[in-house]
Structure formats: structure tokens, C-alpha cells
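Presented below is the structure to which this report refers.
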Amino acid sequence: MTFRVLIEQVRALVASAVESAGYPKLDFDVSEPPRKEFGDLTCNVAFQMSKQAKKAPQKIAGELIERIKPQQDSFVLSAEPHPAGYINFRANYAKLSTTTLAQVLKNPDSYGYYDSGKGSHVIIEHTSVNPNKALHVGHMRNVILGDALYRIMKATNHRTTVLNYVDDSGLQVADIVVGFKFAGMKTEPPGGKKFDQYCGDEVYVKINEMYEKDKELAEMRKLVLKEIEEGKSEIARFAANITMRVLQEQLKTCWRMKARYDLLNFESHIVVSKLWSRAFELLKKNNIARFEAEGKNKGCWVIEAQGEEDKVIVRSDGTATYIAKDIPYAAWKLGLVDDPFSYAKYQNQWDDSMLYRTTLGGESATDRKFNGGDRVTTIIDSRQARLQRIISQVLSQMGTSGREYLHLGYEAVTLSSATAKSMGIDIGERESTHMSGRKGIYVNADYVLDTLHAKAYEEVKTRNPEFSEQQLNAIAEEIAISAIRYNMVRQDLDKMITFDVKESLSLEGDTGPYLQYAYARSQRILEKSGRQVDSKARFELLTHESEVALIKEIAKLDLVFEDAARSLSPKSLARYAYSLATAFNLFYEKVPVLKEENAGVLMARLALVSAFGVALKNALTTLGITALERM
RNA sequence: GGGCUCGUAGCUCAGCAUGGACAGAGCGAACGCCUCCUAAGCGUUAGGUCGAGGGUUCGAAUCCCUCCGGGCCCGCCA
């Protein structure tokens with residue numbers, strides 16, 4: 001919180017100087033300067049004023065500086081004008097250090113968490129992988145992004161509900177059912193293969209190949225789909241069973257990545273619940289949907305989409321289209337329609353929370369409300385942006401009474417040419433290729449985790465030969481998760497990730513394990529010191545450049561959480577964690593802690609190391625990365 | 001054809017919302033640093049017409065326009 005206060009104090013000083021000098025109020029920026037010689041904060045107010053005041057920035061800065069007199073006990077030490085026109089400020093390090101470290105050590109478990117949510121309810125949907133295949137790297141980006149967002153929302157005091165939509169009545173499920181029922185494929189995977197992988201890698205790929213040659217088989221999927229939608233036949237029961245088996249395996253992978261959910265929404269329940277017809281009534285009542293008596297959409301119900309062709313939502317045969325199915329679900333999320341579902345327990349999760357699933361009829365196993373969020377965020381890749389925009393538009397026409405529907409899109413994950421080649425896929429001159437479940441062009445999530453695990457295992461073992469198998473595996477697993485999680489979240493959402501197996505195995509530099517390593521180093525210092533950290537140590541003794549820099553980073557955590565929540569940007573949190581870890585590694589290099597002979601300085605440094613650990617751990621936890629004591 | 005999006009060092013990316021002080025990291029390359037808290041670390045050097053051109057501005061990687069190049073989306077499929 002202290003960096004925030006420092007900024008506020010500088011703002012106040014500048015604002016009052018502007019006022020007392022007789023200038024009108026105006027907006028100005030207070031930020032960190034590009035070079036440390038310019039101090040800790042800089043203000044561009046003189047530039048902003050120069051036009052109106054018809055004076056050179058340097059002159060204004062000179063005028064204002066006379067009126068900027070920091071209080072004795074404030075975080076601001078001094079202000080000075082720079083010939084370029086900036087007003088630069090220096091922080092009172094003794095005060096900043098003392099206050100920051102005391103704050104961290106007093107409430108380590110909640111340090112940095114910032115109440116920007118005020119308890120408002122956010123609903124986040126992510127994962128939502130068709131239950132006919134295993135997750136691949138592309139899905140990993142979705143899961144990791146969604147889970148990080150959930151954690152950020154929690155850290156900023158939002159009430160959170162995480163949904164995972166299960167499309168159990170779609171064509172993709174029908175496809176593997178055709179494979180099992182009409183193409184003679186076995187329902188038990190060979191050699192103990194994971195069931196989701198078996199269905200995706202073999203059944204789904206093969207049946208799509210068979211469709212090419214066998215048109216009758218291709219016709220079967222429509223019949224199967226119809227039976228699944230009606231939900232009563234033997235085929236439907238068989239499909240439901242297959243879906244549940246795949247889903248359970250998918251969840252294992254998600255849980256392995258340390259994601260968790262509150263509710264599984266089954267599409268079939270939305271279909272049967274008549275949620276659609278209720279939403280459709282609303283659309284008709286509000287004149288959002290229109291019946292076409294003639295033209296190319298004759299006999300269909302359509303909605304107008306801004307700047308686009310009309311969208312058909314009900315076909316001339318009376319069935320609903322894909323986008324139409326999303327509308328009632330979205331309306332349910334926002335609480336615009338009565339909740340038709342009951343809720344049953346599905347399974348307890350790794351974080352000891354209960355995962356529920358929708359059911360129809362009967363008593364609910366919980367009183368909890370899963371819908372009606374103040375804000376609903378749906379995480380799907382940006383290929384769906386167009387449809388999502390139409391859904392938002394329709395919802396706002398229905399009247400969301402202040403509630404917000406947001407699509408958080410991200411670019412796809414593609415495979416590098418090297419990785420594609422290693423899988424026997426020739427992509428010619430191209431640098432990367434899009435994945436395709438149908439064609440079997442993808443890298444499985446479990447494979448990525450296993451490969452990373454194996455690599456990390458060797459690394460940990462060389463460094464810690466005395467560790468037991470169990471310890472080695474536990475640590476290797478955490479490193480694997482951190483590597484992939486950090487990798488998926490560190491870059492901008494609208495940038496494609498070209499996944500390369502070999503590159504992903506890097507555990508050095510700007511990676512998750514680098515962060516964990518900095519943490520492990522800090523914990524070893526504390527352990528070896530054999531002392532208790534004293535939150536009342538003499539922090540003003542921490543005057544080394546690298547000590548001050550580290551304290552400043554620690555002091556910014558709440559600003560980072562606030563920003564990450566506001567801009568829905570796990571990336572900014574990842575960037576921060578990296579610079580925090582770098583600040584620590586610099587300190588580690590320059591300032592020996594355990595060798596220090598002055599007891600007062602030693603205690604102050606230990607407290608700093610401890611505070612660093614707290615800040616980094618809280619940042620890592622929010623990214624879904626485990627802070628390791630040893631690695 | 002229309003819409004969205006990306007283009008910054010050899011490679012992967014920050015910075016762009018709210019324009020400002022010599023454009024920053026990581027990887028890769030070369031060379032250094034473990035009698036000292038784990039070298040998964042730290043440092044030095046080399047490497048940039050911020051895709052191109054125009055405009056706005058005292059000032060543009062950042063805002064606007066045009067163009068070029070890559071990706072995606074535009075179905076009574078899902």
C-alpha cells in the first residue's frame with residue numbers, strides 16, 4: 001500500500017502547488033521515471049500546463065517547485081525540477097522501508113490484496129472443452145487464463161463463481177458415439193490409455209476419416225445427435241455415459257494444472273429446461289427477434305446485428321441455431337431469466353472446494369446462487385469474438401439492469417513448424433500451423449505436463465540428490481505447472497502463441513521456475529539463519545541500492561493486483577512477479593545476508609528477505625504457481 | 001469484398017489505454033563471475049530506419065489516415 005500512498009502524496013503536493021500558484025486545476029501524470037537518476041517519481045505537470053499558461057515547462061516547474069514542501073513525516077523526501085521540464089521526487093526511504101516491511105510482516109497472508117471488488121459477484125466461464133477429447137495446448141491457454149483471472153478477482157475481493165460449460169449434446173459427442181456404436185470401435189482404450197485421449201486421438205480422428213468415404217456413416221451422426229437431444233433412448237444413455245467418462249478425465253488434467261470450478265453446466269439441461277423458449281419469448285417481447293416472411297431468410301426468426309447481416313436464430317424448420325443456444329445460457333448467467341436448475345454435488349476438488357453440477361428437478365444440495373452475477377466474463381478464443389459481440393448486444397437490448405456481459409478473447413495457440421515436423425506433419429514453408437482436433441493435429445496437455453515434469457525431475461535431482469522419489473516428483477510437478485502457467489499468461493491476449501515443445505522446456509530466464517527459484521533462495525536464507533524474523537527490526541538500516549529497489553517493488557503489489565483486476569490482465573501480474581524476482585536476485589548477488597556481522601543490519605535484512613517471500617508468494621499464488629521451499 | 005487483430009534486436013516478447021527525458025527484457029552469440037545464503041543465478045559486449053509513408057503536436061513506438069505483410073472471422077454448421 002505504501003507506493004500507492006507515495007504517489008498520492010506527490011499528487012497532493014503538486015495539486016496544491018498548482019492551486020496556490022494561481023493556475024487552474026488540470027490532469028497530470030505521476031509515474032516512475034525511466035532512469036533512477038531522476039528519482040523515484042516524476043511529474044509531467046509543467047508540460048501539461050505550458051500551453052495554457054504560455055510559458056516554458058522549465059519555467060513553470062521552477063515556479064511550482066517553490067511551493068512544493070514535503071512534510072517531515074511523509075513518504076516524500078524532496079522535489080527538484082529537471083531542466084527538461086519535469087519535477088522529480090525522491091522518496092523517504094527510511095519511512096518507506098519501515099512502513100512497508102511492517103505492513104507485510106503484520107499480515108503476510110493478505111498482503112497486497114486490494115479491495116476493488118467490494119464483494120461484487122463476478123461469474124467466469126472458462127475451459128468448456130467438448131467432452132469428446134483430451135485437452136490440448138490450446139485449451140491450456142484458456143484454462144490457465146481463466147483460472148488466473150478467477151484468482152485475481154478473488155484477490156481483489158470479488159465474490160467469484162467459476163463455470164465450466166459441458167456441451168454434452170453437440171455434434172462432437174455424437175461423432176464418437178457413432179464411432180463406438182456404428183463403426184465398431186472399442187469402448188475400452190488399449191493399454192490403459194487415458195479415456196479422453198483415446199476418444200480424441202483415436203475415435204474422433206478415425207471417425208472423421210471414415211466419414212469421407214462412408215456417406216451413410218456421416219448421415220448417422222445426425223440421427224445420433226437427434227437421439228442425444230431427445231435424451232430418452234438407449235443411445236442417449238450411452239452417450240451420457242461416455243460424456244461423463246471423458247469429462248472426468250478432462251477435469252483430472254485441469255485439476256492437475258491447479259484450476260478449479262464451482263459448477264458444471266450441462267448443455268442438455270439447458271435444452272430440456274426450456275430455458276431457450278423462455279429466452280426466446282423475451283426476445284420476441286422486446287422486438288429483438290423478428291420473423292421473416294420473405295427474402296433469403298424466409299421462414300426464419302432473425303436478429304439484427306449491428307453492421308452485419310441478420311443472424312438466423314431459429315431455422316425455418318423450427319430448430320435453434322448455435323448462437324441461439326448461447327443466448328439463454330448468457331441470460332441465465334446474468335440472471336435475466338428464472339433459474340430452472342437444481343444443483344447436485346459432483347466432486348470435492350484439490351483445494352477442498354465442492355464442484356457442483358446442474359440437474360433438473362429434485363432438491364438442490366446447496367443454497368448457493370451460481371448465476372445473476374454483477375459481471376459475467378466468458379473466456380473463449382477470439383475466433384468467437386463476432387458471435388460474442390452479438391450476444392452482448394442482444395443481452396443489453398433485453399435490459400441487463402447495470403449488469404455487464406464481457407467476452408474475454410485471446411488469440412489461438414499454434415504449433416511451431418519444428419513441433420509440427422516432429423509429429424510427422426509437413427507444413428511446408430509456413431512458420432506455424434493451427435491445431436485441429438478433427439485431423440489429430442495438436443499436442444496434448446498431459447503430454448506437455450509429463451514432458452516438463454520429466455525435465456524438471458532431472459534438474460531437481462542433480463541439485464538435491466538426497467531427496468526421496470516422492471519429494472522429487474512433488475517438486476518436479478510444481479515446476480512443470482509453473483513453467484506452463486507462466487508461459488501461457490506472460491504475453492498479451494491478442495498475440496498468438498506459437499507453441500514449440502523444445503522451447504517450452506526452458507526453465508531459465510523469463511520463466512515460471514525462475515520465479516520459484518528466487519523464492520526458494522529466499523527461504524533458504526531464512527532457514528539457515530536460524531532466527532525468527534522480527535517485524536520491528538531497524539529497517540532504516542537498509543540503504544543499499546538493491547535493498548531499496550527491492551522494497552519499492554514489494555510496496556507496489558496492491559497496485560498491481562488492482563490493475564490486473566481492472567484490465568483483466570494476468571499478464572501484468574506475471575510481469576510484476578518477474579521484476580520482483582529480478583530485484584531479489586540482484587539483492588542476493590550484491591548483499592550477503594548471513595555473513596553480515598552487525599546484528600541490527602542482519603535482522604533488518606532477514607525481515608526484508610521474509611517480506612520479499614511474502615510478496616512473491618502472494619503474487620505467485622494468484623498466478624496459480626506454488627512457491628517452493630526447495631527446488 | 002467487409003470486419004477484427006498482429007507487425008519493436010537473429011528469435012520470443014514488454015512498453016502503446018492516460019504522447020514526453022539516451023526504446024527495455026528473455027533466449028540465442030562472445031566473454032567473465034561459485035574457498036561466499038542453491039550458478040534454475042549475476043555481469044560485460046555485440047545486436048533496433050519501433051513494417052512503410054504521410055499527418056496532428058513544442059514532442060509520436062504510443063494518437064489519426066493511407067499502404068504493405070501475417071493471422072482470424074464473416075452458414076437456416078457447431
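Throughout, a chain's letter reflects where its sequence line sits, starting with A, and its residues are numbered from 1.
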> Taking only side-chain nitrogens and oxygens of A/Lys455, does any of them come within less than 4.0 Å of OP1 or OP2 of B/A40?
Replying inline: no
> B/A14, B/A78, B/G43: which one has an atom nearest the side-chain heavy atoms of A/Lys495?
Replying inline: B/A14
> Within the structure shown, what part of the strands sits under 4.0 Å from A/Tyr578 by heavy-atom distance: base, sugar-phosphate, or nothing?
Replying inline: sugar-phosphate
> Side-chain donor or acceptor of A/Ser579 under 3.5 Å from a matching atom on the base of B/A25?
Replying inline: no
>> Using OP1 and OP2 only, check whether a side-chain N or O of A/Arg383 sits under 4.0 Å from B/C4.
In response: no
> Taking atom types as they are modelled, is there a donor-acceptor pair under 3.5 Å from the base of B/C72 to the side chain of A/Ser382?
Replying inline: no
>> Does A/His82 reach a base, just sugar-phosphate, or nothing at all? Heavy atoms under 4.0 Å.
In response: base
> So, is the end of the A/Lys325 side chain (NZ or CZ) under 6.0 Å from the ring centre of A/Tyr322 and within 45° of the ring's axis?
Replying inline: no
> After noting the C-alpha distance and the side-chain angles of A/Tyr517 and A/Asn585, does the key distance pass the side chain to side chain donor-acceptor pair (under 3.5 Å) rule?
Replying inline: CA-CA 9 Å; A/Tyr517 182 63; A/Asn585 278 331; over 6 Å; no
> When rounded to the nearest Å, what value does the distance between C1' atoms of B/U12 and B/A29 take?
Replying inline: 16 Å
>> Out of the candidates A/Thr414, A/Ile425, A/Asp500, only one should pair with A/Thr419 under the side chain to side chain contact (heavy atoms under 4.5 Å, CB included) rule; please name it.
In response: A/Asp500
> B/U12 P sits how many Å from A/Asp510 CG, rounded?
Replying inline: 15 Å
>> In this structure, which stretches of RNA chain B are paired as stems of three or more consecutive Watson-Crick or G-U pairs, both distances less than 3.5 Å?
In response: B:1-7 with B:68-74, B:10-13 with B:24-27, B:29-33 with B:41-45, B:51-55 with B:63-67
>> Does atom CD (A/Glu431) have a neighbourhood of more than 12 heavy atoms from anything else shown, all under 6.0 Å?
In response: no
> For A/Leu452 and B/A40, what is the distance between atoms CG and P respectively, to the nearest whole Å?
Replying inline: 18 Å
> Is the aromatic ring of A/Phe47 within stacking range of B/G20, meaning centres under 5.5 angstrom and planes under 30 degrees?
Replying inline: no
>> With rounding to the closest Å, how many angstrom separate the P atoms on B/A60 and B/A52?
In response: 15 Å
>> Testing A/Glu63, A/Lys25, A/Met49 one by one against A/Val18 for a side chain to side chain contact (heavy atoms under 4.5 Å, CB included), which residue passes?
In response: A/Met49
> Rounded to whole angstrom units, what separation is found between the CG atom of A/Asn208 and the C1' atom of B/A78?
Replying inline: 13 Å
> Does the base of B/C76 carry an N or O that pairs as donor and acceptor with the side chain of A/Arg315 under 3.5 Å?
Replying inline: no
>> Between B/C50 and B/A9, how far apart are the two P atoms, rounded to whole Å?
In response: 10 Å
> Taking the inter-plane angle between the rings of A/Phe584 and A/Phe612 on a 0 to 90° scale, is it parallel (under 30°), tilted (30 to 60°) or perpendicular (over 60°)?
Replying inline: parallel
> At under 4.0 Å between heavy atoms, what does A/Arg430 touch on the DNA or RNA strands: base, sugar-phosphate, or nothing?
Replying inline: sugar-phosphate
> When rounded to the nearest Å, what value does the distance between P atoms of B/C64 and B/C4 take?
Replying inline: 12 Å
> A/Ile479 near the nucleic acid: base, sugar-phosphate alone, or nothing, with a heavy-atom cut-off under 4.0 Å?
Replying inline: base
>> Under a 3.5 Å threshold, yes or no: a donor from one side chain and an acceptor from the other, between A/Tyr514 and A/Thr582?
In response: yes
> Quick one: A/Tyr514 OH to B/G41 C1', roughly how many Å, whole number?
Replying inline: 7 Å
> Quick check: are there more than 12 heavy atoms from other residues, nucleotides or ligands sitting under 6.0 Å from CD of A/Glu466?
Replying inline: yes
>> Taking NZ in A/Lys617 as the centre, count heavy atoms belonging to other residues, nucleotides or ligands within less than 6.0 Å. Is the count above 12?
In response: no
> What integer distance in Å separates A/Lys502:NZ from B/U12:P?
Replying inline: 15 Å
>> The side chain of A/Tyr322 is closest to which nucleotide in this list: B/A78, B/G41, B/U18?
In response: B/A78
> Between the base of B/A21 and the side chain of A/Asn88, is there a donor-acceptor distance below 3.5 Å?
Replying inline: yes
>> Rounded to whole Å, please give me the gap between CG in A/Leu387 and P in B/G3.
In response: 18 Å
> What's the spacing between A/Ile380 CD1 and A/Asp326 CG if we round to 0.5 Å?
Replying inline: 6.5 Å
> Looking just at side-chain N and O atoms, do A/Thr243 and A/Asp168 make a donor-acceptor pair shorter than 3.5 Å?
Replying inline: no
>> Heavy atoms within less than 4.0 Å of RNA chain B: which residues of residues 217-225 of chain A have one? Give them sorted by number.
In response: none
> Please walk me through it: do A/Asp175 and A/Arg438 pass salt bridge (charged side-chain N to carboxylate O under 4.0 Å, His left out)?
Replying inline: CA-CA 10 Å; A/Asp175 285 331; A/Arg438 198 173 303 246; 5.1 Å; no
> Using atom C1' of each nucleotide, how far apart are B/G7 and B/U49 to the nearest Å?
Replying inline: 15 Å
> For the pair made of CG in A/Asp27 and P in B/G20, what is the distance, rounded to whole Å?
Replying inline: 15 Å
> Between B/A21, B/U57, B/C76, which nucleotide has the shortest distance from any of its atoms to the side chain of A/Lys51?
Replying inline: B/U57
>> Over all strands shown, is A/Lys298 touching base, sugar-phosphate only, or nothing at heavy-atom distances under 4.0 angstrom?
In response: base
>> Without decimals, in angstroms, what is the distance between A/Asp29 CG and B/U62 P?
In response: 18 Å
> Taking only N and O in the side chain of A/His434, is any of them less than 4.0 Å away from OP1 or OP2 of B/G71?
Replying inline: no
> Heavy-atom count around A/Glu294 CD within 6.0 Å, excluding the residue itself: above 12?
Replying inline: no
>> Any base atoms under 4.0 Å from A/Pro33, or only sugar-phosphate, or nothing? Heavy atoms, all strands.
In response: base
Could you run down the sub-3.5 Å N/O contacts of the protein with nucleotides 35-38 of chain B?
{"residue": "B/C37", "atom": "O3'", "partner": "A/Lys528", "partner atom": "NZ", "Å": "3.2"}
{"residue": "B/C37", "atom": "O2", "partner": "A/Leu594", "partner atom": "N", "Å": "3.3"}
{"residue": "B/C37", "atom": "N3", "partner": "A/Val593", "partner atom": "N", "Å": "3.1"}
{"residue": "B/C37", "atom": "N4", "partner": "A/Tyr588", "partner atom": "O", "Å": "2.4"}
{"residue": "B/C37", "atom": "N4", "partner": "A/Val591", "partner atom": "O", "Å": "2.9"}
{"residue": "B/U38", "atom": "OP2", "partner": "A/Lys528", "partner atom": "NZ", "Å": "3.0"}
{"residue": "B/U38", "atom": "O2'", "partner": "A/Tyr517", "partner atom": "OH", "Å": "2.6"}
{"residue": "B/U38", "atom": "N3", "partner": "A/Met631", "partner atom": "O", "Å": "2.9"}
{"residue": "B/U38", "atom": "O4", "partner": "A/Met631", "partner atom": "N", "Å": "2.8"}
{"residue": "B/U38", "atom": "O4", "partner": "A/Met631", "partner atom": "O", "Å": "3.4"}

> Nearest to the side chain of A/Asp494, which nucleotide is it out of B/G20, B/U5, B/A40?
Replying inline: B/U5
> So, do A/Tyr165 and A/Tyr329 have ring centers that fall under 6.0 Å from each other?
Replying inline: yes
>> Give me the distance, rounded to whole Å, that separates B/G24 from B/A14 when you measure between the C1' atoms they each carry.
In response: 7 Å
> From the list B/G71, B/C13, B/C42, which nucleotide is the closest neighbour of the side chain of A/Arg575?
Replying inline: B/C13
>> Regarding A/Val314, tell me which of base, sugar-phosphate or nothing describes its non-hydrogen contacts under 4.0 Å with the strands shown.
In response: nothing
> In this structure, are over 12 heavy atoms from other groups packed under 6.0 Å from A/Lys502 atom NZ?
Replying inline: no
> If you measure from the P atom in B/C13 to the same atom in B/U8, how many Å do you get, rounded?
Replying inline: 9 Å
